[in-house]
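The first residue in the sequence is number 1, and the count goes up from there.
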Amino acid sequence: MVSWIISRLVVLVFGTLYPAYSSYKAVKSKDVKEYVKWMMYWIIYALFTTVEAFTDIFVCWLPFYYELKIAFVVWLLSPYTKGSSVLYRKFVHPTLSSKEKDIDDYIIQAKDKSYDTLVHFGRKGLNVAATAAVMAATKGQGVLSDRLRSFSMHDLSSLQSDHDTPHSGSTQPTTAAQHRSRTMMRSKSESHKASS
């Protein structure tokens, strides 16, 4: 665990931060020799980090694995060994030069396929989203219309029951007035019979 922490710290500081600052100085001074030196380093370092992602998973159990990583980064940076320059000139440059056309074709195909795939999945995603929105709206409209229908059916049935049933026992003013007028008519007719 301690070896892992130390190796991560060394790789971060000496493998990334120091070369980044040195690259900044090379850009600032506009020294072509320094440009070339740091570009070779960054190409080798990119390959190193790619390989490291897999070796950290599968080979980290080897004794002195992390110590070897530290030694490798120091070897890449050392002005005496010029490790990144050696690796670049002997292995990377000849390999990339011989495979450059194939790599460029592959990158162009990957760009085209990724664009086509992005457009294809984008259309599919939009279709799925539109279908989901329509279904949600349809279901929502169905629920809304059911609610409105239930409210209106309830209202209609209550109105219909109000018209069908007599207003017995209700305390509405029209019913009370009708009751009073009937009572008055009975009393008048009784009084009229009694006087004759």
> What heavy-atom pair brings Met40 and Ser85 nearest, and what distance separates the two atoms?
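Looking at all heavy atoms of both residues, the closest pair is CE-OG, 3.9 Å.
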
> Under 4.5 Å side-chain heavy-atom separation, chaining through any Ile, Leu, Val, Met, Phe, Trp or Tyr, what else clusters with Val86? Say none if it is isolated.
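Its cluster mates, by chain and number: none.
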
> Measure from the side-chain N and O atoms of Ser23 to the backbone N and O of Trp38, and report whether any donor-acceptor pair falls under 3.5 Å.
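Here the side-chain-to-backbone pair does not exist.
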
> Atom CG of Asp105 and atom NZ of Lys101: how far apart are they, to the nearest 0.5 Å?
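Asp105 CG to Lys101 NZ: 4.0 Å, rounded to 0.5 Å.
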
> Nearest 0.5 Å, what's the OG1-CG distance between Thr49 and Asp56?
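So the gap between those two atoms works out to 10.5 Å.
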
> Rest of the hydrophobic cluster containing Leu68 (Ile/Leu/Val/Met/Phe/Trp/Tyr, side-chain heavy atoms under 4.5 Å)?
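Besides Leu68, the hydrophobic cluster comprises nothing; the residue is isolated.
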
> Find the distance between OG (Ser97) and CD1 (Ile103) and round it off to the nearest 0.5 Å.
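That separation rounds to 9.5 Å.
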
> With a cutoff of under 4.5 Å between side-chain heavy atoms, which Ile, Leu, Val, Met, Phe, Trp and Tyr residues group with Tyr21?
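Via sub-4.5 Å side-chain contacts, Tyr21 links to Tyr24.
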
> Is it possible for you to say whether Leu12 and Ile6 belong to one hydrophobic cluster, with membership spreading through side-chain heavy-atom contacts below 4.5 Å?
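No; tracing contacts between hydrophobic side chains, which count when under 4.5 Å, never links both residues.
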
> List the atom of Ser84, the atom of Ile44, and the distance in Å for their closest heavy-atom pair.
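Heavy-atom minimum between the residues: O-CG1, 3.5 Å.
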
> Name all residues meeting the side-chain contact (heavy atoms from CB on, under 4.5 Å) criterion together with Thr55; count only those two or more places apart in sequence or in a different chain, and write none if there are none.
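So Thr55 forms a side-chain contact (heavy atoms from CB on, under 4.5 Å) with Val51, Glu52, Val59, Tyr65.
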
> Mind checking what makes side-chain contact (heavy atoms from CB on, under 4.5 Å) contact with Tyr35, not counting sequence neighbours?
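Partners of Tyr35 under the side-chain contact (heavy atoms from CB on, under 4.5 Å) test: Ala26, Val27, Lys30.
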
> State which residues pass ring-ring contact (aromatic ring centres under 6.0 Å, His included) with Tyr88; sequence neighbours excluded, sorted by chain then number.
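Partners of Tyr88 by the ring-ring contact (aromatic ring centres under 6.0 Å, His included) criterion, ordered by chain and then number, come out as His93.
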
> Is the ring pair Trp42/Tyr45 parallel, tilted or perpendicular, if the boundaries are 30 and 60 degrees?
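The arrangement is perpendicular - the two ring planes meet at more than 60°.
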
> Please name the pair of heavy atoms, one in Leu77 and one in Pro19, separated by the smallest distance, quoted to 0.1 Å.
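Here Leu77 and Pro19 meet closest at CD2-CG, 3.7 Å.
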
> Should we say atom CZ of Phe14 is surrounded by more than 12 heavy atoms from elsewhere, each under 6.0 Å from it?
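For Phe14, atom CZ is not crowded (no more than 12 foreign heavy atoms under 6.0 Å).
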
> Do Leu76 and Tyr80 belong to the same hydrophobic cluster, where Ile, Leu, Val, Met, Phe, Trp and Tyr are linked whenever their side-chain heavy atoms lie under 4.5 Å apart, directly or via other members?
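They do not share one cluster, since no chain of ILVMFWY contacts under 4.5 Å joins Leu76 to Tyr80.
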
> Do any N or O atoms from the side chain of Thr131 and from the backbone of Asn127 form a donor-acceptor pair under 3.5 angstrom?
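Checked: pair present.
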
> Rounded at 0.5 Å granularity, tell me how far CD1 in Ile70 sits from CZ in Arg8.
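Taking CD1 in Ile70 and CZ in Arg8, the distance rounds to 10.5 Å.
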
> Is there a chain of hydrophobic side chains (I, L, V, M, F, W, Y, each step under 4.5 Å between heavy atoms) that links Leu96 to Met39?
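No: no chain of side-chain contacts under 4.5 Å links Leu96 to Met39.
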
> Is Phe91 reachable from Phe48 through a run of I, L, V, M, F, W or Y residues, each pair having side-chain heavy atoms under 4.5 Å apart?
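Yes; tracing contacts between hydrophobic side chains, which count when under 4.5 Å, links both residues.
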
> Is Val10 reachable from Phe64 through a run of hydrophobic residues whose side-chain heavy atoms are each under 4.5 Å from the next?
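No; Val10 is not reachable from Phe64 via cluster members.
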
> If we ignore hydrogens and angles and just use 3.5 Å, is the side chain of Tyr66 paired with the main-chain N or O of Cys60 as donor and acceptor?
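Absent.
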
